[in-house]
**Q** 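Sharing a structure, written as structure tokens. Questions coming.
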Protein chains: 2
Amino acid sequence: MKTYGQFCPLAQSTQLLCERWTLLIIREFIAGGQRFGDIQKGLPQISPSLLSSRLKLLSEAGVIEKTGIKTYQLTEAGLALRPVIELLGAWGHKWSRSNLGSSDLDAGLLMWDMRRSLDPAIFPKRTVIVQFEYFDAPKGSKDWWLVSSNGDVDLCLTDNDYDVDLLVKCSLKTMTAVWICEMTFNDAVKSKQIEVTGDKSLGKNLQEWLRTSPLSKLGTTETWPKLDWS
Amino acid sequence: MKTYGQFCPLAQSTQLLCERWTLLIIREFIAGGQRFGDIQKGLPQISPSLLSSRLKLLSEAGVIEKTGIKTYQLTEAGLALRPVIELLGAWGHKWSRSNLGSSDLDAGLLMWDMRRSLDPAIFPKRTVIVQFEYFDAPKGSKDWWLVSSNGDVDLCLTDNDYDVDLLVKCSLKTMTAVWICEMTFNDAVKSKQIEVTGDKSLGKNLQEWLRTSPLSKLGTTETWPKLDWS
DNA sequence: CTGCATCCGACGCGATACTG
DNA sequence: CAGTATCGCGTCGGATGCAG
């Protein structure tokens with residue numbers, strides 16, 4: 001870890017936390033990840049060796065700790081970073097100019113994020129299957145299935161001959177924009193950017209379903225309440 | 001600027017802000033710096049070329065803007081980073097383990113920080129000169145003079161045959177610890193870690209004088225009110 | 001003094017392969 | 001799945017010097 005040679009507390013924290021990937025790793029822990037693989041899943045582009053060394057560094061710094069042979073969790077110091085993460089996220093949401101360059105789009109990340117954030121209680125207890133079709137996504141990540149059944153949500157990338165209740169067709173960019181609240185689902189449907197077919201009564205719940213993302217609250221309130229990430 | 005390939009607002013903000021030096025540069029702007037040299041003074045170890053490229057990047061990102069031929073200031077987006085800086089600083093103050101390694105000590109930074117943070121109103125209007133002597137500082141930065149006269153504080157590194165009102169002798173480490181509120185000035189005096197000689201009535205004000213650092217408020221309150229950096 | 005260009009070294013970081 | 005070892009590239013960033 002490179003130091004700044006300054007006694008300033010900000011220098012102390014940034015030299016630890018503001019290295020590449022580090023704050024995103026913390027984000028994954030806040031979002032509920034516990035294992036090496038959980039973290040990797042939320043950070044597809046990090047190399048295992050780097051992740052490994054970051055975890056070691058964060059352990060030594062007392063931000064995370066091992067809770068088992070292969071599980072970690074945030075310490076008190078780590079949990080204290082949550083407001084920082086939230087504030088930085090809110091700043092990015094409001095002030096970042098990058099407006100979703102196509103290189104920022106990643107269907108896998110999007111769906112993974114959905115899976116862990118959606119509230120299954122919105123749908124009936126019986127199994128409900130929602131298929132997403134992104135016509136502009138790279139081959140192999142165009143079609144996704146979210147399977148909600150008795151309080152659980154599963155994510156599938158392969159067609160298991162599902163009995164699909166709802167089919168959502170749109171561009172990856174549109175769905176991502178909806179997910180991070182740059183537009184509302186309903187508006188996107190109205191303007192034909194999203195096409196929904198299937199069970200009408202279930203369809204009405206989609207907007208509400210898609211609002212439970214922790215990010216989604218960013219757009220709506222200026223000063224932003226505690227988020228329910230987990 | 002290296003990107004993460006993620007749409008997450010946190011990824012957007014960190015890829016811009018969490019590169020080496022960047023947040024410390026913002027800190028310097030918040031502290032009132034406007035010119036290239038102001039920033040450099042607070043970041044003695046940054047190279048001019050790197051500072052230059054960071055300023056350019058931040059301009060493009062809309063965090064700072066040129067206000068004149070050679071002055072910059074924070075934009076609205078930049079000002080919005082202040083809570084982030086404060087939170088990160090508070091985190092570092094509370095949770096950073098590094099406990100002032102000697103490599104973090106820097107007499108120049110310390111004195112520069114003092115000069116801009118001290119409240120001259122504490123002392124009488126007439127010229128008051130306080131000399132600091134750090135016996136463990138590197139040669140050439142052992143002796144410093146703070147000159148307070150009618151509402152202004154100047155900093156000197158050379159002996160101008162001053163008529164010194166107060167002489168403060170201690171280690172650089174001790175003074176730094178006091179400055180960032182790891183201990184109080186009075187306690188350090190009591191335990192003989194700081195030796196003060198000179199005008200007794202002025203000496204009594206030192207503790208109060210040294211409490212006006214923006215950092216000093218970190219230690220005292222858990223949730224920390226708006227700081228007066230400027 | 002301000003700001004930038006150039007050079008070059010160090011090492012942060014990524015890719016891959018491999019082990020338990 | 002959870003990491004470690006190795007290798008090598010790329011770039012960050014530090015030193016110096018110069019131009020405005």
**Q** For Leu24(B) and dG13(D), give me the distance from atom CG to atom C1', rounded to whole Å.
**A**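 Distance, rounded to whole Å: 15 Å.
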**Q** Mind checking what makes side-chain contact (heavy atoms from CB on, under 4.5 Å) contact with Asp165(A), not counting sequence neighbours?
**A** Arg126(A), Val128(A), Ile129(A), Leu202(A)
**Q** Hey, is CG on Asp159(A) packed in by over 12 heavy atoms from elsewhere, all under 6.0 Å?
**A**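 For Asp159(A), atom CG is crowded (more than 12 foreign heavy atoms under 6.0 Å).
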**Q** By ring pair (Phe, Tyr, Trp, His ring centres under 6.0 Å), which residues pair with Phe132(B), not counting sequence neighbours?
**A** none
**Q** Using a cut-off of strictly less than 4.0 Å, decide whether Arg35(A) has a side-chain nitrogen or oxygen near OP1 or OP2 of dA2(D).
**A**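 It does, given that an N or O in the side chain of Arg35(A) lies less than 4.0 Å from OP1 or OP2 of dA2(D).
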**Q** Starting at the 5' end of DNA chain C and moving along, which residue's nearest nucleotide shows up first, Trp21(A) or Gln40(B)?
**A**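 The 5'-side residue here is Gln40(B).
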**Q** Is the shortest heavy-atom distance from the side chain of Val147(B) to the side chain of Tyr162(B) under 4.5 Å?
**A**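 Touching, per the 4.5 Å side-chain cut-off.
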**Q** Please list all pairs passing the salt bridge (charged side-chain N to carboxylate O under 4.0 Å, His left out) test where one or both residues lie in residues 132-153 of chain A, with sequence neighbours left out.
**A** none
**Q** I need the CD-P distance between Gln15(A) and dG13(D), as an integer number of Å.
**A**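 One finds 14 Å between P of dG13(D) and CD of Gln15(A), rounded.
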**Q** What is the distance from CD of Glu19(B) to C1' of dC11(C), rounded to the nearest Å?
**A**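 Taking atom C1' of dC11(C) as the reference, CD of Glu19(B) is at 16 Å.
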**Q** Starting at CD of Gln34(A) and ending at P of dC1(D), how long is that distance when rounded to a whole Å?
**A**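 After rounding, the reported distance stands at 16 Å.
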**Q** With sequence neighbours left out, write down each residue that passes side-chain hydrogen bond (donor to acceptor under 3.5 Å, both in side chains) with Ser103(A), or none if nothing qualifies.
**A**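 Applying side-chain hydrogen bond (donor to acceptor under 3.5 Å, both in side chains) to Ser103(A) gives none.
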**Q** What is the separation between atom CZ on Phe36(A) and atom C1' on dG3(D), rounded to the nearest whole Å?
**A**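 Phe36(A) atom CZ is separated from dG3(D) atom C1' by 5 Å.
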**Q** Grab the stems for DNA chain C, please: at least three consecutive Watson-Crick or wobble pairs, both distances below 3.5 Å, written as range with range.
**A** C:3-20 with D:1-18
**Q** If the condition is side-chain contact (heavy atoms from CB on, under 4.5 Å), which residues does Glu28(A) pass it with, not counting sequence neighbours?
**A** Ile39(A), Leu43(A), Arg116(A)
**Q** Any ring-ring contact (aromatic ring centres under 6.0 Å, His included) involving residues 25-70 of chain A? Give me the pairs, sequence neighbours left out, ordered by first then second residue.
**A** none
**Q** When the distance from CG of Leu43(B) to C1' of dG3(C) is rounded to whole Å, what number comes out?
**A**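 One finds 16 Å between C1' of dG3(C) and CG of Leu43(B), rounded.
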**Q** Given side chains that start at C-beta, do those of Val130(A) and Ser148(A) come closer than 4.5 Å, heavy atoms only?
**A** no
**Q** Can you pull out the residues from residues 62-74 of chain A that lie within a 4.0 Å heavy-atom distance of DNA chain C?
**A** none
**Q** Among dG3(C), dG3(D), dG14(C), which nucleotide sits nearest the side chain of Arg20(A)?
**A**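 It is dG14(C).
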**Q** Among residues at least two apart in sequence or on other chains, which ones pass side-chain hydrogen bond (donor to acceptor under 3.5 Å, both in side chains) with Ser47(B)?
**A** Ser49(B)
**Q** Nearest to the side chain of Ser47(B), which nucleotide is it out of dG14(C), dG3(C), dG14(D)?
**A**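 Of the options given, the side chain of Ser47(B) lies nearest dG14(D).
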**Q** Roughly how many Å is it from NZ in Lys41(B) to C1' in dC1(C), rounded to a whole number?
**A**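 Those two atoms, NZ and C1', are 11 Å apart.
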**Q** Which residue pairs pass the salt bridge (charged side-chain N to carboxylate O under 4.0 Å, His left out) test when at least one of the two sits in residues 40-60 of chain B, sequence neighbours left out?
**A**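 Only Glu19(B)-Arg54(B) qualify under salt bridge (charged side-chain N to carboxylate O under 4.0 Å, His left out).
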**Q** Name all residues meeting the side-chain contact (heavy atoms from CB on, under 4.5 Å) criterion together with Leu155(A); count only those two or more places apart in sequence or in a different chain, and write none if there are none.
**A** Met111(A), Arg115(A), Trp144(A), Leu146(A)
**Q** Over how many whole Å does the gap from Lys2(B) atom NZ to dC12(D) atom C1' extend?
**A** 9 Å
**Q** So if I take residues 49-57 of chain B and measure heavy-atom distances to DNA chain D, which residues fall below 4.0 Å?
**A**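 Within residues 49-57 of chain B, the residues near DNA chain D are Ser49(B), Leu50(B), Arg54(B).
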